[in-house]
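Notes for the one structure printed next.
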2 protein chains.
Amino acid sequence: MRRDIFQALADPTRRAILTLLALQPLTPNAVAAHFNSSRQAVSKHIKILTECQLLNARQDGREIFYYFNATKMKEADDWLQQFRALWEGRFENLDQILANNKSKKTS
Amino acid sequence: MRRDIFQALADPTRRAILTLLALQPLTPNAVAAHFNSSRQAVSKHIKILTECQLLNARQDGREIFYYFNATKMKEADDWLQQFRALWEGRFENLDQILANNKSKKTS
DNA sequence: AATATATGCAACTAATTGGTTGCGCAAAAT
DNA sequence: ATTTTGCGCAACCAATTAGTTGCATATATT
């Protein structure tokens with residue numbers, strides 16, 4: 001199933017799962033142990049994250065370890081690229097404002 | 001009203017609105033003209049984006065211009081920071097893999 | 001072989017979402 | 001003064017979501 005990566009990132013629990021799995025691959029049970037949610041609820045989140053390839057699954061016996069896929073996450077970063085110049089520019093403006101403010105005080 | 005910035009970014013129309021308004025401030029009507037959606041639908045999106053401060057409003061007569069707020073968008077970028085090392089590391093690994101591959105060929 | 005464990009999947013539910021239509025109000029144009 | 005324009009807000013609706021409970025299946029453990 002196709003899925004929008006930003007839509008997957010919308011849920012705070014899913015973001016927490018990503019943060020957790022970025023540190024080390026874990027099974028659904030191990031992930032669920034970190035949250036108040038039930039195993040099934042976490043499993044659903046993992047499914048969504050896997051569907052948009054933010055996670056990859058690797059089965060080992062009856063356990064399935066989920067791996068964070070940084071390459072996919074970079075797509076979010078790429079989208080933000082278009083705005084990056086703006087908040088950097090913002091600081092330039094801030095410098096100017098501060099400079100103006102200073103000159104007012106000293107004048 | 002409080003609102004999660006990632007939840008606001010989940011909708012593709014809202015992301016398109018942000019891209020548009022990052023170029024220049026516009027009124028809701030002007031924004032709606034760029035999409036197939038009705039003015040009210042766009043207005044709802046703008047409301048959500050304003051609630052999480054990705055947009056700021058500035059009234060001028062009966063018109064309201066909405067401004068993109070880059071500083072707020074940077075929060076998304078900040079959250080991604082935790083993963084940035086990973087996809088950069090990924091490329092380091094890729095370099096190693098390529099290096100190994102090359103040495104195999106030449107050996 | 002019998003039991004326990006790890007997981008996915010389907011059905012159901014309450015809450016939220018994205019959209020619509022219709023309204024009211026203030027500012028501009030006639 | 002009347003009409004038009006720009007906008008927000010509320011009510012409603014269909015679709016989606018996040019969660020639950022209850023299975024079924026496959027792999028370990030005893």
Side-chain angles (χ1 to χ4, degrees), chain A residues 1-21 23-69 76 79, chain B residues 1-21 23-69 76 79:
Chain A
M1 195 217 205
R2 203 80 183 273
R3 223 174 239 280
D4 181 354
I5 180 182
F6 279 100
Q7 200 258 329
L9 293 178
D11 185 89
T13 302
R14 280 200 288 273
R15 289 201 300 277
I17 290 174
L18 289 171
T19 296
L20 186 60
L21 291 181
L23 297 175
Q24 81 282 111
L26 291 173
T27 65
N29 257 330
V31 173
H34 284 77
F35 300 95
N36 296 11
S37 322
S38 69
R39 178 190 64 81
Q40 282 91 337
V42 168
S43 224
K44 265 186 153 190
H45 284 308
I46 288 179
K47 188 184 181 192
I48 288 169
L49 292 170
T50 306
E51 279 169 355
C52 71
Q53 298 172 23
L54 281 168
L55 295 180
N56 293 320
R58 182 170 168 184
Q59 187 139 9
D60 177 24
R62 70 181 162 180
E63 291 181 319
I64 303 180
F65 285 85
Y66 286 92
Y67 290 70
F68 175 68
N69 179 13
W79 184 77
Chain B
M1 195 217 203
R2 202 79 184 275
R3 222 173 239 280
D4 181 352
I5 179 182
F6 279 100
Q7 199 258 327
L9 293 178
D11 186 89
T13 303
R14 281 200 286 274
R15 291 202 298 277
I17 290 174
L18 289 170
T19 296
L20 186 59
L21 292 182
L23 297 175
Q24 81 282 108
L26 291 174
T27 65
N29 258 328
V31 173
H34 285 77
F35 300 95
N36 296 11
S37 324
S38 69
R39 177 190 62 81
Q40 282 90 337
V42 169
S43 225
K44 266 187 152 189
H45 284 308
I46 289 179
K47 188 184 182 191
I48 289 169
L49 292 170
T50 306
E51 279 170 355
C52 70
Q53 298 172 21
L54 281 167
L55 296 180
N56 293 321
R58 182 170 169 183
Q59 187 139 10
D60 177 24
R62 70 180 161 180
E63 290 181 320
I64 303 180
F65 285 85
Y66 286 92
Y67 290 70
F68 175 68
N69 178 14
W79 184 79

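By convention in this document, chain letters (A, B, ...) are assigned in the order of the sequence lines, proteins followed by strands, and residues within each chain are numbered from 1. All heavy atoms count here, side chains included; hydrogens, waters and symmetry mates do not.
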Handout entry: Which residues share a ring pair (Phe, Tyr, Trp, His ring centres under 6.0 Å) with B/F65, sequence neighbours left out
Key = none
Handout entry: Contact under 4.0 Å: B/Y66 side-chain N or O vs D/dC7 OP1/OP2
Key = no
Handout entry: B/F6 CZ to D/dA18 P, straight-line distance once rounded to whole Å
Key = 15 Å
Problem - Short side-chain N/O contact to C/dT7 OP1/OP2 from A/N29, under 4.0 Å - result: yes
Exercise for the section: Select base, sugar-phosphate, or nothing to describe what A/F65 touches, counting heavy atoms under 4.0 Å on all strands. Expected result: nothing
Practice task
Would you tell me if any nitrogen or oxygen in the side chain of B/S43 comes within less than 4.0 Å of OP1 or OP2 on D/dG8?
Solution key: yes
Handout entry: Interatomic distance, A/I48 CD1 vs D/dA18 C1' [rounded to whole Å]
Key = 8 Å
Problem - Rounded distance in Å - CG (B/L9) to P (C/dT17) - result: 14 Å
Fill in the blank from the handout: Rounded to whole Å, CG of B/D4 lies from P of C/dT16 at a distance of 14 Å
Exercise for the section: May I ask you to test the B/T13-B/V42 pair for a side-chain heavy-atom distance under 4.5 Å? Expected result: no
Practice task
Could you pull out all residues at least two apart from B/R3 that satisfy salt bridge (Lys or Arg N to Asp or Glu O under 4.0 Å)?
Solution key: B/E51
Exercise for the section: Measure from the side-chain N and O atoms of B/N69 to the backbone N and O of B/Q53, and report whether any donor-acceptor pair falls under 3.5 Å. Expected result: yes
Completion exercise
Walking DNA chain D from its 5' end, the first of B/P28 and A/R14 to be reached, judged by nearest nucleotide, is B/P28
Problem - A/F35 vs A/L20 side-chain heavy atoms within contact, under 4.5 Å - result: yes
Practice task
Would you indicate which nucleotide in D/dG8, C/dG18, D/dA18 comes nearest to any side-chain atom of B/H45?
Solution key: C/dG18
Problem - Between D/dC9 (P) and B/I46 (CD1): distance, integer Å - result: 12 Å
I'd like a list of close polar pairs between nucleotides 20-22 of chain C and the protein, N/O only, cut-off under 3.5 Å.
{"from": "C/dT20", "atom 1": "OP2", "to": "B/S38", "atom 2": "OG", "distance (Å)": "2.8"}
{"from": "C/dG22", "atom 1": "O6", "to": "B/Q40", "atom 2": "NE2", "distance (Å)": "3.2"}

Within the sub-3.5 Å range, which N or O atoms of nucleotides 26-30 of chain C have a protein N or O partner, and how far apart are they?
{"from": "C/dA27", "atom 1": "O3'", "to": "B/R62", "atom 2": "N", "distance (Å)": "3.4"}
{"from": "C/dA27", "atom 1": "N3", "to": "B/R62", "atom 2": "NH1", "distance (Å)": "3.4"}

Handout entry: Partners passing side chain to side chain contact (heavy atoms under 4.5 Å, CB included) against A/A30 (at least two apart in sequence or in another chain)
Key = A/L26, A/T27
Handout entry: Note, A/I48 side chain near A/L54 side chain (heavy atom, < 4.5 Å)
Key = no
Fill in the blank from the handout: Here the side chain to side chain donor-acceptor pair (under 3.5 Å) pairs for residues 31-44 of chain A, sequence neighbours left out, are none
Completion exercise
Looking only at D/dG19, C/dG8, D/dC9, the nucleotide nearest the B/K47 side chain is D/dC9
Practice task
Answer yes or no: is there a side-chain heavy-atom contact under 4.5 Å between B/W79 and A/L9?
Solution key: yes
